[in-house]
Amino acid sequence: DIQMTQSPASLSASLGETVSIECLASEGISNDLAWYQQKSGKSPQLLIYAASRLQDGVPSRFSGSGSGTRYSLKISGMQPEDEADYFCQQSYKYPLTFGSGTKLEIK
Amino acid sequence: EVQLQQSGPEVGRPGSSVKISCKASGYTFTDYVMNWVKQSPGQGLEWIGWIDPEYGSTDYAEKFKKKATLTADTSSNTAYIQLSSLTSEDTATYFCARMLGAVMDAWGQGASVTVSS
């Protein structure tokens with residue numbers, strides 16, 4: 001199985017700050033990488049797919065990048081509603097696997 | 001609007017089975033594969049498997065092959081997951097999620113399963 005190592009496990013950011021979350025795959029996944037946001041008590045929501053494509057309706061302050069085994073999610077200008085857990089997920093090979101998650105809080 | 005409406009919380013005794021439903025609306029049910037994902041309390045996400053409602057074909061993560069059974073009823077646009085031989089390890093929230101390509105673009109609200117004697 002492809003292991004997804006996500007970092008950091010948690011971080012806090014001030015409003016307006018730019019934050020980055022990273023995922024490292026145990027092997028190359030050819031940009032088959034998605035990012036999800038999960039707010040407290042809610043289901044995950046798709047933010048980014050194919051490493052850098054923004055899902056419809058997702059604010060443009062969210063962006064994704066990366067290649068090979070390293071991928072990142074950037075939030076340019078933290079907003080109150082961005083406080084949530086974030087997960088990466090590879091879809092290069094089955095079984096689909098997720099990163100362990102990053103808890104993002106407002107400082 | 002795409003909606004996935006899951007059934008309510010379940011409590012099961014150790015060794016018993018539970019069945020969770022996921023009713024789809026707002027799209028053609030047979031056009032998309034349905035995934036199931038487990039989230040243990042305070043933990044991350046685990047992919048359980050998928051079902052193609054049109055053909056009934058399935059694929060499971062190795063860990064869940066003896067635990068979960070995925071089915072779908074095209075007459076009611078509903079997908080199901082049955083969890084058998086329940087143990088405390090099965091206490092979790094279970095999500096259904098529509099697959100678009102190989103990502104999950106719409107999710108149910110989740111159904112909690114508590115295993116307790």
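Proteins get letters first, then strands, A, B, ... in listed order; numbering begins at 1 in each. Computed from a prediction, not measured in an experiment: that's the story for all the values here.
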- May I have the step-by-step check of side chain to side chain contact (heavy atoms under 4.5 Å, CB included) for A/Q79 and A/R61, ending in yes or no? CA-CA 9 Å; A/Q79 297 299 306; A/R61 64 180 179 273; 3.5 Å; yes
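Each of A/K103, A/Q6, A/Q37 was evaluated against A/Y86; a single residue qualifies, A/Q37, per the side chain to side chain donor-acceptor pair (under 3.5 Å) test.
Looking at B/E62, there are no atoms closer than 4.5 Å to chain A (heavy atoms on both sides), in backbone or side chain. A/Q38 touches chain B through its side chain: at least one heavy atom from C-beta onward sits under 4.5 Å away, while N, CA, C and O do not. In this structure, the portion of A/Y36 lying under 4.5 Å from any heavy atom of chain B is its side chain and not its backbone.
Heavy-atom contacts from other residues, nucleotides or ligands closer than 6.0 Å to CD of A/E81 number more than 12.
Seen from the ring of B/Y80, B/K19 counts as a face-on cation partner, given the 6.0 Å and 45° thresholds.
Your options are A/P44, A/S100, A/S43, and the one with the most heavy-atom pairs under 4.5 Å with chain B is A/P44.
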